[in-house]
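The chains referred to below are lettered A, B, ... by the order of the sequence lines, with proteins before strands, and numbering in each begins at 1.
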Number of protein chains: 2
Amino acid sequence: MSGDNSHSPPGTATPDTVSRILRTALDLFSSQGFDAVSMNAVAAAAGVSKANIFHHFRSKHELYIQALREACRESREELEALNMEDGPIGEQLADFAVKHLTSMLDNARDTRLILREVLENAPGRAEELARDVFRDGFERLVETVRLGQRLGELDPDLPPGFIAVMMLAANVFFAQSREVLRHLPGVDFADDPKRYSRMYMQVLLRGAGPAAT
Amino acid sequence: MSGDNSHSPPGTATPDTVSRILRTALDLFSSQGFDAVSMNAVAAAAGVSKANIFHHFRSKHELYIQALREACRESREELEALNMEDGPIGEQLADFAVKHLTSMLDNARDTRLILREVLENAPGRAEELARDVFRDGFERLVETVRLGQRLGELDPDLPPGFIAVMMLAANVFFAQSREVLRHLPGVDFADDPKRYSRMYMQVLLRGAGPAAT
DNA sequence: TGACTGACTGACCGGACGGTCAGTATTCTG
DNA sequence: CAGAATACTGACCGTCCGGTCAGTCAGTCA
């Protein structure tokens with residue numbers, strides 16, 4: 001009933017209509033949200049008839065899901081391409097932090113769509129997002145932290161995922177609140193993500209360093 | 001043309017219909033978003049006729065704006081009620097952190113509505129949100145940090161707003177990503193906000209302490 | 001050639017939407 | 001008491017929505 005995911009079957013031409021529809025939908029959904037985007041709008045923007053979209057996608061919801069998956073795939077690939085530099089754990093983490101933040105800001109469209117999904121957090125969606133989008137990258141990050149703990153560069157008493165979460169929190173918050181931050185007093189780094197990530201990594205690494213006192 | 005904000009004018013009874021509509025709208029908008037909530041739904045849930053809502057509010061958009069303002073007002077009051085305990089700056093900040101996080105989680109409805117607004121980030125809205133909702137509380141927080149810097153408890157080389165932003169980032173990220181975090185490996189604190197805030201404040205204060213080395 | 005398939009379209013459908021309006025009930029004002 | 005004002009309602013309007021459908025067209029295969 002629901003088997004094949006493969007479009008563009010053997011026979012006919014099918015230039016790239018499906019992927020054009022998908023990209024258009026991704027653009028519109030990410031900038032306006034599900035409800036605010038009509039199938040007519042997608043059709044017009046993609047240069048196809050509305051009926052044609054329904055020929056390729058069973059419903060608006062399925063189109064949205066496919067667009068979301070596409071965004072997740074791109075985001076995941078972006079994450080996987082971030083191989084950390086060699087060197088001390090601290091530098092590896094700092095390297096990841098700045099690259100991850102840059103990647104989020106560069107791919108604002110995908111980021112926005114995914115963040116909205118996290119925020120709306122439909123019943124069972126959270127686990128799916130965790131598994132399909134975040135888990136792998138997060139696990140790599142956590143492994144690096146664990147290594148740092150084993151090597152004595154980081155406090156072994158902190159939960160392994162904790163530092164990872166702090167880094168993500170700093171990045172996600174920056175990406176989504178930038179415009180607001182810019183108008184708050186005492187904030188002079190809203191336009192300088194690299195400086196921001198350098199600062200918080202410095203604080204984080206010093207704060208989570210091996211117990212000293 | 002747009003002057004009066006005051007409902008419940010001199011003349012008639014007006015028990016509390018307006019505020020009941022407003023509360024209902026706030027509930028629905030925060031849990032489903034603007035587009036997904038119909039005026040019929042608000043009317044039914046509030047136990048009034050749809051036409052009556054349009055008698056009190058000029059349009060759906062104005063109803064949403066008023067509900068948003070209400071959420072902002074509640075959120076701001078909640079923030080203002082958080083007077084930090086006396087004691088060392090570090091303890092004051094830690095006290096604020098845990099209270100702020102608790103407040104966000106307790107008032108999940110208001111939080112959600114406001115966060116969505118931040119994420120969608122309509123053209124000129126960011127500045128308005130910064131000014132009307134966040135500025136005062138943020139400024140108090142920044143002042144406390146500045147005091148800590150002057151007293152030598154915090155590194156004076158960090159931008160004053162930076163530590164405040166880190167605290168907010170940690171709290172906001174936790175509040176909005178909790179469900180996802182719960183399903184990530186190495187995260188065992190998703191159900192324990194107090195422990196979480198204690199941990200990050202420990203790391204933050206140590207990491208942003210006066211330059212030592 | 002002719003049967004068949006899948007991409008694609010314009011016209012259309014029922015329904016829900018935001019919003020309006022004429023009219024009624026109630027209550028304050030003179 | 002008349003009358004002005006406001007709270008409130010049911011019925012209604014035009015529009016747009018997601019989705020359907022009959023049908024056209026181009027290419028494949030026997």
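Going from atom CG of B:Leu22 over to atom CZ of B:Phe29 covers 10.0 Å, rounded to the nearest 0.5 Å. Here CZ of A:Arg135 is found 13.5 Å from CZ of A:Arg76. Values are rounded to the nearest 0.5 Å.
Rounded to an integer number of Å, the gap from B:Phe34 CZ to C:dC17 P is 13 Å. Look at CD1 on B:Ile53: it is 13 Å from P on D:dG10, rounded to the nearest Å. Atom pair A:Phe57:CZ and C:dA7:P shows a separation of 12 Å (rounding to whole Å applied).
In this structure, A:Asn52 reaches the C:dT9 phosphate: one of its side-chain N or O atoms is under 4.0 Å from OP1 or OP2. Between B:Ser38 and C:dC17 there is a side-chain polar atom (N or O) within less than 4.0 angstrom of OP1 or OP2. Proximity of B:His55 to the phosphate of D:dT9: no side-chain N or O atom is located under 4.0 Å from OP1 or OP2. Contact annotation: A:Thr17 does not reach the phosphate of C:dA7 (side-chain N/O to OP1 or OP2, under 4.0 Å). For the pair B:Asn40 and C:dC17, the criterion of a side-chain N or O lying under 4.0 Å from OP1 or OP2 is met.
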Short N/O separations, protein against nucleotides 19-21 of chain C, under 3.5 angstrom:
residue: C:dG19; atom: OP2; partner: B:Lys60; partner atom: N; Å: 2.7
residue: C:dG19; atom: N7; partner: B:Lys50; partner atom: NZ; Å: 3.2
residue: C:dG19; atom: O6; partner: B:Lys50; partner atom: NZ; Å: 2.6

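At the heavy-atom level, A:Val42 lies nowhere under 4.0 Å from the strands shown.
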**Study point:** Stepwise ring-ring contact (aromatic ring centres under 6.0 Å, His included) check, B:Phe173 with A:Phe173
**Key:** CA-CA 7 Å; B:Phe173 185 74; A:Phe173 185 75; 9.6 Å; no
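Nucleotide D:dC16 is matched to C:dG15 when pairs are restricted to Watson-Crick or G-U wobble geometry with both distances under 3.5 angstrom.
Side-chain atoms of A:Glu78 do not come within 3.5 Å of backbone N or O of A:Asn107 as any donor-acceptor pair.
Salt bridge A:Arg73/A:Glu70: present, at least one basic N to carboxylate O contact under 4.0 Å.
Side-chain polar atoms of B:Gln32 and A:Glu120 form no donor-acceptor pair below 3.5 angstrom.
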